[in-house]
Amino acid sequence: MKQFNYHPVALFLMLLVFILPTMAFSQEKSSISGQVSDENGQTIPGANVIIQGTSKAVSTDADGKYTFLNLSAGSYTILVTNIGYKSTQKNVSVKEGENLTVDFRIEAESQSLKEVVVTGSSSPRSKLESSIAITTMGAKAIEDRAPISTAAILQTIPGFVVETSGGEVGNNLFARGIPSAGAYEYVQIQEDGLPVFEDGALQFANADNWYRLDETVSKMEAVRGGSASIFASNAPGGIINFISKTGQNDFQGRAKLTVGDYGLFRTDLNLSGALVQDKLFFNVGGFYRVDDGIRKTGFTANKGGQVKMNLTYKFDDGGYLRLNYKKLDDRNTFYLPIPLKSNNGKVEGIDGFDPNYGTLTSANFSHLSVPQYGGGTFNADLEDGVHPVVDAIGAEFKKKVSEKVTLKNAFRSTKIDLNYNAIFSTGGPWSQTAYATDVQGLAPADTGNLSYTYVDNDAALNANSLIMRADHWYIHKQMENFANNLSFGFDLKPVNLTVGYYYSNWKSNQYWNWSNYLVDVTDNPRLVNVNNTATGISHTWNGIERITWLERDAQTKGKLNDVYVDAEIQATDKLTFNVGLRYDKNQYSGYRDNARFFAENLGVLDNNTADDAVTTIQGNPYTYWKYDVSEISYTGAGNYKFNDNMASYLRYSHGFRSPIEESFYDNANDLSKLENTFVNQLELGYKYANSFLSVNANLFHMNLKNVAFTDILADGSSENKFADVNNLGLEVETNVKYKMTRLNFNFTVQNPEYDNFTGTNADGSTFDYNGNAARRIPKFFCAVRPEVDITKRLTAYVQYSYFDKKYTNQDNKQVLPAFKEVGAGLNYKVNNLRFALDGSNLFNEIGLTEGNPRQTTSSASDVFLARPILGRAFRFSVAINF
């Protein structure tokens with residue numbers, strides 16, 4: 001990992017945190033302290049304790065204790081809240097000089113509808129009063145689920161199909177049945193209310209490349225559909241907001257060590273406290289991790305870390321000024337489809353390739369060095385993997401302008417340097433005979449003229465060994481983004497009105513250079529040379545079959561000027577209305593090379609075809625393009641609260657998504673071919689919770705216009721097709737709690753189908769996909785998680801997930817079978833220590849999340865390419881609170 005180069009402001013913040021002494025303005029005579037526990041007497045760390053009507057708020061420590069110092073004599077109302085528990089308050093009086101002890105025992109709820117949420121809303125509201133489909137998860141719940149990646153925790157959200165088979169980064173999310181090329185195309189990943197990068201679906205720049213879960217995370221809030229189009233651009237599918245921890249009066253820390261059976265070593269640390277009591281607070285934390293990867297590459301697969309920090313100054317009126325900084329420098333191996341076979345419909349591994357732990361990514365060809373058009377060589381290092389270096393600095397400001405008006409502003413400036421190296425499968429597997437006839441065009445009688453030898457020792461391949469193309473795709477992206485969200489909140493009871501202006505500019509420069517290896521089909525693949533003994537012509541050069549078969553140089557820029565209005569109207573004590581409107585005035589521009597595909601013969605290799613069809617961008621003019629977007633998004637909803645335990649809402653929303661980066665590149669000469677994707681949603685929601693059971697159910701209908709399909713195919717071209725999609729679905733999230741047992745169950749049933757999807761393929765053939773199921777999206781998926789407290793200290797859980805069958809492509813020819821995944825774990829708590837053992841995919845299920853989208857039809861052979869979930873893995877962790 002590269003050495004961290006800290007921003008000067010970050011260094012200043014660190015100096016404040018670690019050098020300035022803790023101070024207090026004055027030492028007053030009174031204090032209130034106590035302990036928070038549940039109905040079973042177990043102490044509750046991390047509970048929020050608030051003196052209402054003041055800015056004083058603390059969190060309980062590892063032993064469930066809290067303290068308020070420097071209090072004046074008088075009467076106070078103390079409120080205790082925590083996710084999963086009923087809110088409890090007490091009225092107390094403290095005398096001058098008195099040290100009062102006030103303990104709380106709070107009752108657990110299956111899921112609290114009184115929990116306040118901030119995402120997808122103009123002002124904080126309880127779940128009960130919010131007319132949106134929202135899933136929340138606190139730091140403890142996130143830790144209990146032991147997610148192996150950011151994407152893994154998103155699998156807990158109904159309505160979101162999340163693929164985690166790519167490893168720690170580069171995963172895909174499909175919101176409410178919206179098909180896409182992958183990434184996070186229709187949702188926005190946010191950190192503290194601002195996007196981690198404005199567009200989460202840039203090529204090879206998925207949003208989870210820039211975000212890592214660690215001990216600095218306080219909470220996750222995920223909105224599906226609903227008001228997402230009002231509070232984020234290009235996110236009609238939803239908003240996923242990760243909220244960071246901030247400081248409090250008491251100094252608190254948490255350290256964690258995690259090891260795993262795949263060479264994992266990870267350390268996490270978070271520290272928080274006050275520099276000035278009741279006024280100036282800090283939080284700083286991060287992680288460092290190294291491991292060999294669950295799929296075995298022969299080199300260190302993941303290595304790197306992150307530092308995050310914030311500094312908060314609180315005003316007397318409850319407002320604040322917060323500065324924040326993040327440095328991410330991490331390197332990850334990205335896993336792509338591997339060869340598998342079907343045995344009477346059952347997916348199995350092929351001989352010599354472990355489907356649970358094998359990968360085409362190998363240390364046997366980790367370094368690429370190829371000659372280039374015009375001279376010189378191109379070099380790339382596969383072991384560098386997906387390697388982002390992210391620097392993000394920002395601030396938040398909230399202040400009352402008057403009794404009725406509150407000003408909020410937040411900005412973030414982000415710079416990203418990404419080196420991307422991964423092995424993509426783009427051809428085969430072939431038998432040696434099939435390669436000779438289908439690829440090299442030999443007559444059947446001449447297939448014996450080709451010899452196949454290993455590059456490393458010149459030994460001949462076994463005649464039955466399969467071979468395939470394994471491409472080294474190198475992408476270098478230099479990205480930057482400045483985002484600012486300004487809003488004014490007007491308390492005009494019974495109306496809360498928010499008027500906001502969102503500005504963002506971003507840029508993505510990218511360079512591609514792709515070459516393909518020829519390898520044997522094993523889970524420790526080796527380079528293969530192919531020679532024609534009859535003609536003396538070689539078809540590979542050191543195992544490279546095609547040198548720089550694709551090169552690209554392009555830029556994409558975006559500038560967003562968006563205004564929005566949102567109103568919450570409290571019509572009665574039970575009935576609340578919400579209306580929202582957003583106007584996007586966005587401009588996109590950039591350039592692309594005029595690449596000459598497969599046009600050049602380098603002429604540097606004698607009697608060798610590996611350099612005969614090089615794609616080059618040298619000597620070509622650029623094509624410059626501009627694309628303007630002016631669209632209105634709107635929503636309206638009504639929420640009726642039957643009582644303190646039950647509510648229902650009805651919402652309609654209209655949003656859109658601008659064309660993605662690949663669309664601009666493919667159509668730079670004629671942008672009239674492009675269309676914005678429009679998403680219309682009708683939702684009916686129901687919420688109920690008591691001390692035993694909670695239910696959140698959402699019935700939705702989605703109508704989508706102009707959904708783009710832009711996968712890059714094996715020849716470097718893009719699908720560049722458009723369709724409509726209709727989907728009717730039901731999302732249900734339930735939680736049950738009975739004594740020492742808990743059960744979480746969520747499921748989604750839906751039926752996304754294509755409409756207006758006919759046309760002509762590149763080869764002149766026609767297609768009609770109307771009525772076909774949307775690709776890569778199951779009609780049913782669910783997750784069941786029972787937990788039991790074996791003792792007051794020891795808890796066990798089982799996590800069961802099921803995904804129905806789905807299809808690789810829109811032609812619905814290649815079926816990806818239904819599969820299940822089972823995980824389990826134990827955690828033991830003693831005093832301020834937590835020990836945990838977590839296992840994933842315990843039965844080594846071969847669950848396919850995608851086929852090979854770079855192929856347009858299913859393979860005629862029983863061997864095919866697909867990407868299965870990761871194999872069984874175990875992790876052990878120990879954490880200490882102090």
Side-chain angles (χ1 to χ4, degrees), residues 83-84 110-113 115 117 119-120 127 130-138 141-142 145 147 150-164 171-179 184 186-187 189 219-228 235-241 647-649 651 653 679 681-689 693-702 727-736 742-752 774 776-786 799-804 806 818-821 823 849:
I83 296 174
S110 54
Q111 188 182 34
S112 176
L113 290 180
E115 178 190 349
V117 294
T119 305
K127 277 188 173 182
S130 298
S131 51
I132 51 177
I134 186 167
T135 297
T136 61
M137 191 171 294
I142 292 173
R145 281 158 177 77
T150 301
I153 199 63
L154 303 181
Q155 287 185 316
T156 61
I157 304 169
F160 285 174
V161 177
V162 183
E163 299 176 348
T164 62
N171 292 294
N172 305 310
L173 185 152
F174 306 98
R176 286 188 165 175
I178 307 176
Y184 297 80
Y186 289 89
V187 300
I189 305 295
K219 184 181 180 183
M220 177 194 74
E221 296 182 349
V223 173
R224 305 183 298 279
S227 58
I239 299 171
I240 302 162
N241 185 20
S648 183
Y649 72 87
R651 178 180 289 274
S653 60
V679 181
Q681 300 180 72
L682 180 64
E683 304 174 53
L684 175 62
Y686 173 79
K687 293 167 280 189
Y688 174 81
L693 169 71
S694 75
V695 178
N696 284 273
N698 301 279
L699 179 68
F700 66 90
H701 179 267
M702 296 187 70
N727 189 19
L728 178 65
L730 174 66
E731 307 159 343
V732 177
E733 183 177 11
T734 63
N735 290 275
V736 179
R742 294 167 298 281
L743 176 69
N744 172 261
F745 173 52
N746 69 68
F747 71 86
T748 303
V749 58
Q750 58 186 350
N751 187 32
R776 294 169 66 174
I777 299 174
K779 292 186 177 181
F780 175 79
F781 57 98
C782 68
V784 184
R785 181 188 173 92
Q799 177 78 35
Y800 174 88
S801 301
Y802 174 83
F803 298 88
D804 201 2
K806 54 185 178 180
F819 70 91
K820 61 184 180 299
E821 182 180 1
T849 62

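With rounding to the nearest 0.5 Å, the separation of CD1 in I178 from CG in L173 is 10.0 Å. To the nearest 0.5 angstrom, S130 atom OG is 10.0 Å from Y649 atom OH. Annotation: the span from L699 atom CG to L682 atom CG amounts to 8.0 Å, rounded to 0.5 Å. To the nearest 0.5 Å, atoms CZ (F160) and CG (N172) are separated by 14.0 Å. We find the CG-CD distance between L730 and Q750 to be 10.5 Å, quoted to the nearest 0.5 Å. One distance of note links NZ of K806 with OG1 of T849; it measures 5.5 Å at 0.5 Å rounding.
A pairwise comparison of heavy atoms in Y186 and P179 identifies CE1-O, 4.0 Å as the closest pair. T119 and V223 get closest at one heavy-atom pair: O-CG2, 3.6 Å. Closest approach of A152 to P147, counting heavy atoms only: CB-CB, 4.0 Å. When all heavy atoms of Q681 and P236 are compared, the closest pair comes out as NE2-O, 2.9 Å. What you find for A689 and S694 is that their closest heavy atoms are CB-CB, 3.8 Å. The two residues G237 and V187 come nearest to each other via the heavy atoms C-CG1, 3.8 Å.
Of the N and O atoms on the side chains of N698 and E683, not one donor lies less than 3.5 Å from an acceptor on the other residue. Between the side chains of Q155 and S801, no donor N or O sits under 3.5 Å from an acceptor N or O. Looking at N696 and K687, their side chains never bring a donor and an acceptor atom within 3.5 Å of each other.
The side chain to side chain contact (heavy atoms under 4.5 Å, CB included) search around A151 returns S149, V162, T164, N171, Y184, D208, not counting sequence neighbours. For L743, the side chain to side chain contact (heavy atoms under 4.5 Å, CB included) partners at least two apart in sequence or on another chain are V736, V784, P786. F803 pairs by the ring pair (Phe, Tyr, Trp, His ring centres under 6.0 Å) definition with F819, not counting sequence neighbours. Remark: A222 engages I157, I240 in a side chain to side chain contact (heavy atoms under 4.5 Å, CB included) (not counting sequence neighbours). Taking the salt bridge (charged side-chain N to carboxylate O under 4.0 Å, His left out) definition, one finds that R651 meets it with nothing, sequence neighbours left out. Judged as a ring pair (Phe, Tyr, Trp, His ring centres under 6.0 Å), and not counting sequence neighbours, Y802 has no contacts.
A side chain to side chain donor-acceptor pair (under 3.5 Å) with T135 holds for exactly one of R224, E731, E221; it is R224. In summary, of the residues considered (T748, N727, N751, D804), a side chain to side chain donor-acceptor pair (under 3.5 Å) with K779 occurs for N751 alone.
The backbone N or O of G685 sits less than 3.5 Å from a side-chain atom of S648, completing a donor-acceptor pair. Distance alone, capped at 3.5 Å, places no donor-acceptor pair between the S653 side chain and the S227 backbone.
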**Message:** salt bridge (charged side-chain N to carboxylate O under 4.0 Å, His left out) for K127 and E733? Distances and angles first, verdict last.
**Reply:** CA-CA 14 Å; K127 277 188 173 182; E733 183 177 11; over 6 Å; no

**Message:** Walk me through whether R785 and R145 qualify under side-chain contact (heavy atoms from CB on, under 4.5 Å).
**Reply:** CA-CA 10 Å; R785 181 188 173 92; R145 281 158 177 77; 3.6 Å; yes

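Under the 6.0 Å distance and 45° angle rule, R176 counts as a cation-pi partner of F700.
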